[in-house]
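So you know, we letter chains A, B, ... as the sequences are listed, proteins then strands, and number each from 1.
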Amino acid sequence: MQELFAPENLGDQERARLANLEALRAADVATYPARVKRTHTIAQARALYEQGDAGVEPVTVTGRLKRIRVMGKMSFADLEDGSGQIQLVVKRDNLPEGWYNNIWKKLIDLGDFIGATGPLIATKTGELSVDVVEIQFLAKALKPMPDKWHGVKDAETRYRRRYVDLLANPPVRDIFRTRAAVLRALREYLDGEGFLEVETPILQPIYGGAAARPFVTHHNQLHQDLYLRISFELYLKRLLVGGYDRVYEIGRDFRNEGVSFKHNPEFTQLEFYEAYADYYDVMRRTEEMIAHVARQVTGGTVIEWQGHVIDLTPPWTRLPLRQAILDATGIDYEAYPDAASLADAMRAIGHEPSADSNWGKLVDSLMAKHVEPNLIQPTFLIDYPRDVSPLAKASDEDPRQVERFEGFMAGMEVCNAFSELNDPIDQLQRFIDENYRAAHGDDEAHPVDVDYIEALSYGMPPAGGFGMGVDRLTMLFTDRETIREVLLFPHLRSSDSKAEVAAEAEVDEAD
RNA sequence: GGGUCCCUAGCUCAAUUGGCAGAGCAGCGGCCUUUUAAGCCGCGGGUUCUGGGUUCGAGUCCCAGGGGGCUCACCA
């Protein structure tokens, strides 16, 4: 590792930058000073000029040097900080003796962080500029910057080294500002409705609340295997038992499954639970909450996504799942009450269902293939089969169905909610059914959570519960078609298998 | 995991039928005191993802591996 900066391991441009750094040090110029004497952010300097207060006294602005145009005895340069960009005018005769020719023109590199001091002026073409009289180095950049015009396009570089993406492709920074605005608006809405934000364990002895395979980890001192949570559900409902009427959590879920344009192994989830509400109440709240987010983030409730105009204005379409699948495929799944007959019906329309699929999975695959991709406008699919919903309360009218809905938009499932099952005896039976599935090869089936049953036994008020993928919602508001674009550091495979092997060897030695 | 496409200079991209690996930006040297991707002259820069193979000759063809994109499967 010490050889990382050895000349033989550097490219020519990196060697040149390192030589410039050494020359600056030899000239006693500080290259990584601890303090900065900034007087104005670039935005503040611009505001100052617009107020007509420019020229009175010099300002010191700081930032990364993005472009340099040397015209001879004067230069123009563009400096960027987090608030914006400003042009620097650098004249030989305004800098200390020797600085222009020996330091500015020789030792400064694109990408360096510098401070520039001088009065604010407008150039002949009217561009607001700092008329520089003094320059200080703040941090030398030892790597060459990406193309100033094209930026960096390679997806792998963009995701693996997101900092390069962010510094070279300014619009990418807006994605994560929007993401923060989405999160802020969600909290704002829920806080305003009297929900309490809570935090529950990520390391769980028994995972649950969703049909997914977990990541497993281990606590050394306790000699205990633990699971990274696949949902917050069972803990949040314990809080309803405890007496909070409205709770929510925003945090990370982990699911040990494949990656795709809408799946990352860890993703951000919002869940809320509301006592004395049912799934229709939750539907209304969902529309209201997402419309609120839309107004906060975009100023309205109609957005554009990948060429589609999507109208988020409540109310949204409500469509029974059974009807949606019937319309799309001609299959009424209630007419095929077991996996074998449903699979036959699916084969008749060209499906090749895998042999180990249970009935619920078959219904879901019909929905995922024929219904979901066409739900561009916000739509609630409602009333799901009991078999695929072990935590949802059965419908009073039809015990084969549960009071559940999923919200779709942009061809993606965005949220999932139901009237929560609060009958401990029924819940235990559902767990036992799930356990049977697990024993018969369904590795996503729910484990039995006896402690949760015990919690329900103390009495949980009737409640509506809700879960939403915040990343997918962010895709919608940032007009992105893959989840990787809205995650700062999406999961990628290790790029260097040799490095990985070396790291494993070190861990082995440490044990 | 399957299919498929891609990986060439720091970045963005070329390279005809298998025949001397190139351009723009960036870098280096020079000119230039009002530019906006500044301009002009000159120069250097490559493990063509890795390892094998075929061939007189491989960026190009074949095999294996790595990584990425898309897609299918998986994913309530």
Paired with [N] by Watson-Crick or G-U wobble geometry, both distances under 3.5 Å: which nucleotide is it?
{"N": "B:rG1", "answer": "B:rC72"}
{"N": "B:rG42", "answer": "B:rC28"}
{"N": "B:rC61", "answer": "B:rG53"}

Taking the same atom, [atom1], in [N] and in [M], what whole-Å distance lies between them?
{"N": "B:rA23", "M": "B:rC5", "atom1": "C1'", "value": "25 Å"}
{"N": "B:rG22", "M": "B:rA15", "atom1": "P", "value": "14 Å"}
{"N": "B:rU48", "M": "B:rC20", "atom1": "P", "value": "16 Å"}
{"N": "B:rA58", "M": "B:rC63", "atom1": "C1'", "value": "15 Å"}
{"N": "B:rG10", "M": "B:rG44", "atom1": "C1'", "value": "14 Å"}

Side chain to side chain contact (heavy atoms under 4.5 Å, CB included) involving A:T317 - partner list, sequence neighbours excluded: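 Here the qualifying residues are A:T379.
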At less than 3.5 Å, do the side-chain atoms of [X] and the base atoms of [N] form a donor-acceptor pair?
{"X": "A:D147", "N": "B:rG24", "answer": "yes"}
{"X": "A:E127", "N": "B:rU34", "answer": "no"}
{"X": "A:D12", "N": "B:rG44", "answer": "yes"}

First of A:H446 and A:P146 reached from the 5' end of RNA chain B, by closest nucleotide: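 The residue whose closest nucleotide sits nearer the 5' end is A:P146.
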When you match A:M71 and A:S260 each to their closest nucleotide on RNA chain B, which lands nearer the 5' end?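 With A:M71 and A:S260 compared, the 5'-side residue is A:M71.
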Return the value, rounded to whole Å, for the distance between atom [atom1] of [X] and atom [atom2] of [N].
{"X": "A:E372", "N": "B:rC74", "atom1": "CD", "atom2": "P", "value": "13 Å"}
{"X": "A:M74", "N": "B:rC32", "atom1": "CE", "atom2": "C1'", "value": "11 Å"}
{"X": "A:H150", "N": "B:rA23", "atom1": "NE2", "atom2": "C1'", "value": "12 Å"}
{"X": "A:Q13", "N": "B:rC43", "atom1": "CD", "atom2": "P", "value": "18 Å"}
{"X": "A:D165", "N": "B:rG10", "atom1": "CG", "atom2": "P", "value": "19 Å"}

For [X], answer base if it contacts any base atom (sugar-phosphate contacts may also be present), sugar-phosphate if it contacts only those atoms, and nothing otherwise; contact means non-hydrogen atoms under 4.0 Å.
{"X": "A:G209", "value": "base"}
{"X": "A:K369", "value": "sugar-phosphate"}
{"X": "A:E444", "value": "sugar-phosphate"}
{"X": "A:K361", "value": "sugar-phosphate"}

Please tell me which of the listed nucleotides, [options], lies nearest to the side chain of [X]?
{"X": "A:E406", "options": "B:rA76, B:rC32, B:rG69", "result": "B:rA76"}
{"X": "A:R484", "options": "B:rA76, B:rC70, B:rU12", "result": "B:rC70"}
{"X": "A:V152", "options": "B:rA76, B:rC11, B:rC13", "result": "B:rC11"}

Would you say [X] places a side-chain N or O within less than 4.0 Å of OP1 or OP2 belonging to [N]?
{"X": "A:R69", "N": "B:rU35", "result": "no"}
{"X": "A:K106", "N": "B:rG30", "result": "yes"}
{"X": "A:K148", "N": "B:rA38", "result": "yes"}
{"X": "A:R493", "N": "B:rG66", "result": "no"}

Check this for me: does any side-chain nitrogen of one of A:E485 and A:R158 sit under 4.0 Å from a carboxylate oxygen of the other?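 Result for this pair is yes, salt bridge flagged.
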Is the ring pair A:H370/A:H351 parallel, tilted or perpendicular, if the boundaries are 30 and 60 degrees?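 It falls in the tilted class, 30° to 60°.
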